[in-house]
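Data first, discussion second: the structure below is written as structure tokens.
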Amino acid sequence: MASSPYFSLAVLFVVALGFGLAPLGLAWLWQKVFSPAKPNEIKNAIYECGLESRGDAWVQFRSAYYLYAIIFLIFDVEAIFLLPFAVAFTGLGAAACVSMLVFVLLLIEGLAWAWAKGVLTWA
Amino acid sequence: MSPSGIKTEKLAGWNRPPVIESDGEGELLEVAMGPHHPSTHGVFRMDVVLDGERVIKLKPVFGYLHRNHEQLGERQSYLASMPYTDRLDYFCSLTNNWAYALAVEKLVGQEVPERAEYLRVILAELTRIQNHASTIGFLLQEMGASGTPLMYAFREREKILDLFESLTGSRMMCNYMRFGGCRVDASPAWLEATRKVVAGLPAFVDEFERFLMTNEILMARCQGIGVLKPDLAVNAGISGPMLRATGVNYDIRKVDHYGIYDRFKFRVPLGDHGDIYDRYMVRMLEMRESILILNQALKDLPAGPVMDPKAKIRNFRPKAGESYGRIEAPKGELGFYLISDGGPNPYRYRVRPPSFINLTVLEDMCLGSNVADVVLIFGSVDIVLGEVDR
Amino acid sequence: MDFVFYLISAFAVGGALAAVLLKNLVHAALALTIAFFGLALLFLRLDAQFAGFAQILVYVGAVAILVVFAILLTKGSEVPKEGVFSKSWFAGLAISAGVFAVLAWAVLQAAPSLPNETAAPAVTVNDIGNALMSRYVLPLEIIAVLLTAALLGAVIVAMHEKAGPKQSAGAPGPSLLGTGERRNS
Amino acid sequence: MTPLAPYLIVAALIFAIGLAGALTRRNAIMVLIGIELMLNAANLNLIAFWRYSPHPELLSGMMFAIFSIAVAAAEAAVGLGLVISIYRHAKTTDVEEMNRMKG
Amino acid sequence: MAVDEKLKIELGKQGVMVTTIQELYNWGRRSSIWPMQFGLACCAIEMIATTMARYDLARFGSEVFRPSPRQADLMIISGTVTKKMAPQVVRLYNQMAEPRYVIAMGACAISGGPFKQGYNVLKGIDRYIPVDVHIPGCPPRPEALIQAFMTLQKKIDEQHLTGEDRPRHLDEQAPGEFNVPEFGEHDLEPPSNPGTWTVPKIIQ
Amino acid sequence: MKSVEEIKAAIEAAVPGAVVKVILNPAPNAQHSLLIDAPHAVAVAEFLRDDDELALDFLSNVTGVDFLDKEIAEKVKVTRQVPKEVDGVQQMVDETVEETRKRVEPGYLEAVYHLFSVSKKHGPVIIRMRTANRTDLVELPSLTPIWRSAEFQEREVFDLFGIVFTGHPDLRRILMWDEFKDHPMRRDYVEPDDYEYEPTAHDDVLKRAQAHKAKVSAGEVSQ
Amino acid sequence: MLGDGILKGLAETAKNFAGSFVSKERMTTVEYPEERLPLPEAARNFPFLVYDGDDWEKGLRCVACQICEKECPPKCIYIEKSKDKKPDYVGKPQIYPAKFDIDISVCMSCQICVEVCPFEAIKMNTEFELATDDRFGGLLLDRKELARSNEYYHQIHPTEASEVDARLAEEKAKVEAKAKAAAEAAAAKAAAPPAAAAPATPIAKPAAPVEARPATAAKAAEVAKAPAAATAPVAPKPVPGTGSDGAASMTPEDKKAAETPAKTNEGEPKAQGEPKE
Amino acid sequence: MTERLDQIFVVLKHWLLGYLPESWQTPVGVVISVVCIIGLYPALFAITTVLERKGVGRMQNRLGPNRVGPYGILQPMADGIKSLTKEDIVPTSADAVVHFLAPVILVVTVFMGFAVLPMGRNMVLVDMDAGLLFYFAMGASTELSVFMAGWSSRNKYSLLGAMRAVAQMISYEVALLLSSVVIVMMTGSLSLVKIVEAQNHYSYGFPHWFIFTPWGLAAFIMYAIAGTAETNRSPFDLPEGESELVAGYHTEYSGFKFALFFLGEYVAMFSISGLGSTLFLGGWMAPFSGLQFIPSWIWFFGKLFVSMCVFIWLRGTLPRLRQDQLMNFAWKFVLPMCLLNLFVAGLWRFMGEGWLRWLVCSAILILAYVSLGREGMRRQKFGPRSYRYAE
């Protein structure tokens with residue numbers, strides 16, 4: 001079990017988590033022991049250039065973000081297929097490569113369509 | 001007094017900022033930029049309504065540095081206002097001094113000795129160079145260049161400030177000019193130092209140009225952004241490099257021939273697009289012209305007194321009357337309007353601040369552009385809050 | 001050994017539960033990523049390394065982002081006042097409980113016949129690549145078509161037609177800098 | 001080494017949770033989240049069956065899972081796109097209200 | 001770590017542990033003063049000049065001008081605080097995380113300076129928030145700002161971690177919030193923070 | 001460039017009914033100005049801007065000026081009947097007496113506009129407008145529709161002097177905060193009592209200091 | 001091509017980076033507390049009071065004429081006149097400042113006080129390291145803190161100080177010549193009380209009948225001669241004497257101005273009733 | 001001897017483990033390696049911040065920090081102590097839990113990437129078959145933490161900054177992935193160790209790094225651009241673009257939470273640089289066969305150092321792009337170039353050995369670069385201008 005790569009990853013995860021939490025804990029301890037936190041209304045208000053914050057920040061965003069996210073998702077998924085192909089690439093024949101070419105071209109076509117449609121233009 | 005009950009008439013359409021409509025997608029976000037904001041040059045504030053990242057409404061808010069300059073000017077003697085003018089546009093105290101001195105000289109018909117005129121030109125042009133360099137530095141800072149251009153600009157500015165200090169005694173608040181001349185004379189050593197600094201300036205401008213001019217990011221961010229049309233610019237009273245960047249040939253040094261500017265050969269660079277890049281480039285080219293003027297002025301500087309012996313400094317009581325004197329300050333037309341009732345204090349003391357009036361079109365330039373551009377457009381106007389709010 | 005499995009399972013199931021139960025949508029989405037992450041760990045435990053990492057890449061990296069964007073786009077950060085569960089929540093709960101009961105029963109019934117231990121398969125990415133390029137080349141192309149179609153479809157659906165209702169900044173509203181706006185402090 | 005059954009139980013549990021979420025939540029995005037959970041539970045089943053199958057080297061279950069991930073991603077993109085589109089018109093993500101508006 | 005001998009002896013009474021922590025704490029604080037990116041008027045230009053190549057405040061580790069008050073330690077009030085700006089300044093100060101320091105740079109920030117006779121000028125920011133170091137000058141030279149920095153560092157060095165004379169931010173009883181004045185019809189309300197500021201009684 | 005009188009004539013020719021008065025400036029620079037009447041101001045301004053010869057397209061400066069009510073003491077000769085004993089008889093007799101009469105000449109607020117021409121490169125032409133008094137009729141027409149540069153400057157004049165510019169698109173306070181009630185640049189503005197300890201108290205500062213002290217001792221203010 | 005402008009910029013920073021190790025031109029930092037740039041002679045920060053000789057109190061050139069106080073734009077100078085007199089540098093009995101405060105937390109370093117001073121008594125200091133945490137204690141400078149010797153003045157502004165010294169010497173010579181002439185005339189007339197122009201021969205005279213504080217009282221013993229005027233509590237015209245014969249450096253305006261404030265100040269309420277709260 | 005030096009850390013670890021019982025050796029070995037990684041990179045972070053501040057200072061004609069400790073090297077320690085003892089502010093309206101978790105998750109995900117990076121010969125925590133995929137899977141998770149930070153603060157600047165950051169990161173993530181796929185195509189493995197070893201030959205003393213091929217160079221440039229954007233560094237530092245968004249997504253963070261973001265950013269830089277040098281610059285290989293006597297880990301960290309210097313250099317020089325330009329650049333320049341590069345790589349393999357493939361591949365790439373660049377400049381409508389003067 002210890003020789004499994006996942007064990008190393010788990011240890012790394014735990015230690016990294018500890019690395020993140022330990023100073024925060026230490027800072028918390030410092031606040032408890034020496035430097036009392038003094039939260040108050042103004043301090044804990046939202047910073048807005050020295051003014052009182054007005055209006056909620058959680059507003060409805062524009063769909064531009066979403067469109068990019070869609071294309072990103074599609075390309076991410078593409079990468080899932082592209083990577084095994086790339087690994088096997090050295091041993092593959094031309095036919096397999098052509099089929100991958102078709103795969104990629106189909107997606108490029110989607111990208112080109114989106115480009116032409118103006119999806120890739122930031123609002 | 002409340003402005004209620006005032007009927008608002010429909011205004012001529014073309015000189016109003018356009019109304020930008022949201023496309024209804026996403027919610028509008030009202031963001032205050034300033035008074036404490038890293039890129040508003042101090043305490044300026046813009047209330048911005050964003051549609052996504054596009055600005056669809058922008059209201060400048062002033063007054064966070066309103067220091068009652070005009071009222072102080074009316075309560076104090078003519079002389080006592082001179083150091084206050086230093087604090088108007090605190091980058092260019094010497095040109096402020098000059099504008100005020102000019103207005104008072106106009107009020108009383110005071111002559112200025114030739115050597116003093118030359119010194120004024122030298123100092124004003126040095127001021128212009130350091131102002132333009134810093135402005136460009138700040139503009140680049142706002143563009144996110146982590147201070148390097150600003151550092152180079154300030155490196156040069158420090159050299160010029162050293163000159164100011166060794167002549168006038170102070171780095172920024174020079175309080176140097178007087179009605180009828182200048183306070184102290186420049187020593188030969190000072191002139192020598194000035195010549196040396198001026199000789200080094202072209203190399204600095206070259207470096208600046210190499211560093212920035214063809215940078216693709218700079219061009220992409222500045223060109224075609226914040227376009228100002230010449231007719232609107234004139235109608236809105238825009239002056240200085242900002243006006244010239246729209247292609248309008250109006251330089252008060254050439255128009256009014258105040259001081260002794262008609263003795264020097266220099267050209268007025270003009271832009272054609274009126275965008276940020278033009279404003280930036282006009283300043284860049286003006287620095288070169290200023291160096292030309294400096295070289296000529298330093299060559300021709302005559303000997304003589306720097307103060308008209310007949311000039312009165314204290315107990316100065318101009319006869320009743322009024323005068324408007326203006327000069328081409330680095331930021332635009334800087335004017336002083338004085339009304340004298342014969343007393344020791346001006347009855348009315350008014351500053352025509354170029355920065356303030358140049359902001360009139362801020363909204364027009366910003367509407368419809370990206371919020372990141374607002375910062376740049378604002379930076380390219382080149383304002384100093386001390387002058388905007390007075 | 002089982003301890004790890006139970007830990008991961010608890011992680012995944014807890015994440016899923018939280019994703020379904022949490023009132024705040026963004027919290028739910030974040031809990032969802034925890035569930036995805038837990039599932040990915042289960043994949044890893046099942047020696048499906050590639051699938052596990054692919055799960056993290058696609059779900060934690062992309063789908064979760066998509067979900068939170070969708071939440072922000074529909075102003076879903078706030079907890080609605082009228083409650084988050086539908087009026088017929090009881091029926092839904094009953095149905096899903098039933099489904100679970102049936103499935104669990106089936107599994108438990110079949111449990112003795114299910115394999116307990118098999119040798120860990122040595123599958124490399126290279127094998128997956130080869131399989132993909134040989135046996136599964138047709139599905140691959142179909143997936144490409146599907147993805148492209150999804151791209152087109154999703155973009156068309158989500159894209160904003162310009163003919164939407166106009167909302168002018170000058171329109172009367174509580175704030176947004178209408179004239180007469182007073183805001184100094 | 002954990003036997004197959006617990007995986008299946010976990011998958012069933014997550015599936016049921018997803019189903020419950022999809023059926024009880026009002027928000028359309030939450031419904032989609034439930035569906036995603038269900039699909040993932042199915043994926044877990046696929047992988048588990050593959051792992052315990054007599055011929056894992058054939059990769060059937062694994063490939064299915066990978067394809068399933070792709071399909072689920074596409075589903076999420078389109079589904080959420082639909083939600084956004086509906087929201088834009090109806091200004092709501094509430095499934096019940098959407099139902100009402102239909103009639 | 002320029003803690004003088006006397007201080008060390010005094011610290012000795014508090015125990016070695018606390019002393020070490022205190023030295024480390026003070027050293028950390030004094031060596032890493034991040035000012036807030038905050039300029040008001042003329043002095044702001046000299047403040048910028050201080051960070052520029054000639055004077056280079058970075059040598060003291062203080063070039064990290066943070067735009068957000070949350071991450072800043074030092075507020076350099078560089079210039080005239082007008083009445084219109086005062087509430088914002090106080091609010092920003094309130095929004096800074098402890099420990100926080102204030103340098104009043106230049107005549108205007110200390111007392112209104114040349115503009116103190118004006119109707120819109122606050123006569124010294126110490127009416128509302130406690131000021132650690134005052135720098136006179138109009139504007140002070142960059143060197144003066146650096147010197148003020150060193151004065152502040154010295155001040156930090158001498159602060160005790162525990163005990164009666166510990167600085168304000170370590171004291172639970174000391175106020176952590178300062179009233180933000182409101183705009184009145186003629187003047188700010190209130191015209192000063194009574195807890196922070198009293199007119200000094202100077203016998204002539 | 002035309003002289004002030006010529007401009008006056010041109011205006012009167014172009015804008016019927018406009019009343020224009022030349023105000024001479026005794027200073028050596030001889031920047032005379034034109035006092036125009038409020039009702040025709042916009043028309044006059046439009047003429048000044050659009051006239052081909054003047055082409056005053058550039059409004060440089062807008063200023064408010066406050067002239068206080070003036071108390072004028074003048075000696076008037078008054079004839080009145082005074083009872084007088086003339087020849088032992090009480091009689092009303094006309095008598096001329098010199099009497100000092102006080103008359104209050106109402107003050108006014110003035111808006112001054114400095115115009116230049118960018119196209120013709122001449123200027124300044126100064127126009128001014130006056131309000132009728134300082135208290136109730138402090139309205140002037142806004143010239144913002146003609147010159148955009150007046151937008152902020154007129155707001156400033158409104159803020160500091162209290163001249164209400166009718167027709168201004170967005171007349172709000174610009175420099176002071178919105179809750180502020182006074183117009184601080186008016187010459188009769190009373191400053192708030194925000195006395196600060198000053199070792200240098202002089203003159204009016206000292207007076208204010210003393211007033212403040214009195215107030216504090218009376219318990220009206222806290223510090 | 002896309003990117004060459006960026007490369008040019010990179011080259012420029014690289015040049016500066018490399019140059020900073022070799023060239024002074026490129027490494028402009030002056031490490032302030034250890035290294036300092038010499039201040040230019042004209043540099044100014046806050047005013048100080050010049051005194052001649054060794055005793056700051058005796059040697060103060062200031063005669064409390066209050067011109068600077070009046071002309072100071074931000075009004076940061078506060079002067080209280082003495083009620084007695086002491087001889088000035090030419091030996092003329094003069095009023096001196098019983099109190100001379102400058103609030104440098106207000107001062108705007110404009111140098112107008114120096115310009116208007118007819119007595120070369122106030123000059124600009126170059127000292128700038130004045131940061132303090134004590135606003136009133138540290139920044140309100142009184143007479144003693146303001147006083148600096150003429151040598152110090154020579155040190156910081158050598159050229160200007162020499163000019164001033166020359167001017168003063170000239171003036172003094174003139175005054176002495178005049179006094180000499182007067183003395184001679186007096187001697188000719190004979191049996192007259194010693195002339196006022198003999199600073200070296202102080203006549204011990206009890207302090208003027210004023211409620212002087214200890215310092216003043218102690219000093220008052222030294223305050224010499226001053227025939228009749230010293231008895232008057234406040235000199236009605238402190239300036240004209242000097243003003244009329246110290247002509248060399250003063251324009252007529254200066255002289256007139258030197259008179260006016262003195263007059264105006266007489267009418268003003270005495271600033272002693274300073275409110276303290 | 002060189003062998004020894006090269007393996008000094010490995011040998012050291014085994015020597016240490018030798019004192020432990022058999023069953024403990026593996027787990028403790030893992031823990032030691034992990035602790036080394038997590039101790040090392042924050043230390044490097046500390047050094048880098050000083051280097052950056054001093055380096056940028058030098059570019060700006062000034063000295064930079066030099067007072068705290070000798071030559072200012074203790075500066076980061078002071079900053080750390082200061083941050084640790086600084087008050088921690090959580091705004092009232094913020095989402096406290098998410099606000100707390102965001103920096104922790106960022107740090108964790110950033111560190112996870114190092115698991116698969118070989119830092120020297122035999123110096124890798126896990127050599128996984130799907131190593132590169134793991135790396136990207138972890139990289140993808142950082143976006144979520146940035147979003148969490150911005151959203152939970154409930155501050156307008158934060159949220160805008162976070163949305164920008166996420167949009168930017170997802171855009172460049174695609175480019176990052178696709179530019180490294182080329183390398184995988186050539187090496188036939190996702191294992192980073194194998195990728196390094198695939199570059200382990202020299203001809204005439206020069207190494208066979210992938211950067212020395214047309215497709216490799218193109219991929220490297222695209223990788224460098226995408227990597228810079230992925231770590232939010234100048235000129236792509238918009239999310240923290242303080243000129244308009246104050247401090248971006250960490251506006252509301254104070255104390256050590258902010259320091260963790262700061263640390264996360266730098267460690268991500270190391271990680272991206274490390275991966276970059278592994279993929280394109282031969283990882284821990286020496287640049288010349290004659291220099292192989294120098295230990296491998298020195299080469300790896302040397303390459304890391306050089307790439308950090310480049311990051312710093314860029315930061316000291318360039319202004320930042322605008323959001324739309326940045327997105328356009330990602331989708332309309334970098335992504336097409338990456339996709340094209342896939343074909344070029346395929347072509348490279350099928351054209352066989354010989355100079356022709358060099359010529360064709362380079363020609364295609366240069367042509368594409370120039371035309372895409374031109375097209376971009378034309379679309380953005382910018383270019384040099386000339387100016388007129390009035391006398």
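Predicted model, so just to flag it, every value in this text is computed and none were measured. Sequence lines set the chain letters: A, B, ... in the order given, protein chains first and strands last, and positions in each chain run from 1.
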Residue from Val102(C), Leu42(C), Val107(C), Leu146(C) scoring the most non-hydrogen pairs under 4.5 Å with chain D is Val107(C)
Heavy-atom proximity to chain C below 4.5 Å, by part of [X]:
X	value
Ile33(D)	both
Phe67(D)	both
Ile29(D)	side chain
Ala28(D)	neither

What closest approach, in Å, do [X] and [Y] show between heavy atoms, and which atom pair accounts for it?
X	Y	value
Trp50(D)	Asp47(C)	CH2-O, 3.9 Å
Ile47(D)	Ala48(C)	CG2-CB, 3.7 Å
Ala12(C)	Ile14(D)	CB-CD1, 4.1 Å
Val63(C)	Ala76(D)	CG1-CB, 4.2 Å
Leu103(C)	Ala12(D)	CB-CB, 3.8 Å
Ala19(C)	Met30(D)	O-CE, 2.8 Å

[X] versus chain D, heavy atoms under 4.5 Å apart: side chain, backbone, both or neither?
X	result
Phe69(C)	neither
Leu22(C)	backbone
Leu132(C)	both
Leu66(C)	both
Leu17(C)	both
Val99(C)	side chain
Ala35(C)	side chain

Hits for side chain to side chain contact (heavy atoms under 4.5 Å, CB included) against Ala154(C), two or more places apart or cross-chain, chain-then-number order -> Ile70(A), Ala77(D), Val78(D)
Applied to residues 10-30 of chain C, the ring pair (Phe, Tyr, Trp, His ring centres under 6.0 Å) test, sequence neighbours excluded, yields His27(C)-Trp151(H)
Here the gap from Tyr7(D) atom OH to Ser9(C) atom OG, rounded to the nearest 0.5 Å, amounts to 7.0 Å
The reported gap from CZ in Phe43(C) to CZ in Arg51(D) (rounded to nearest 0.5 angstrom) is 14.5 Å
Heavy-atom check, side chain of [X] versus side chain of [Y], under 4.5 Å:
X	Y	value
Leu80(D)	Leu73(C)	no
Ile128(C)	Ile66(D)	yes
Leu25(C)	Arg25(D)	yes
Asn43(D)	Leu39(C)	no
Leu108(C)	Ile9(D)	yes
Ile17(D)	Phe100(C)	no

Pair up each side-chain donor or acceptor in residues 53-61 of chain C with any protein partner under 3.5 Å, not counting sequence neighbours, and list the distances.
residue: Gln55(C); atom: NE2; partner: Asn40(D); partner atom: OD1; Å: 2.6

When only pairs under 4.5 Å are counted, which of [options] shares the most heavy-atom pairs with chain C?
options	value
Val83(D), Ile69(D), Val71(D)	Ile69(D)
Ala73(D), Gly61(D), Ser60(D)	Ser60(D)
Gly21(D), Ala16(D), Ala11(D)	Ala16(D)

Among residues 135-145 of chain C, those lying within the under-4.5 Å heavy-atom range of chain D are Arg135(C), Tyr136(C), Pro139(C), Leu140(C), Ile143(C)
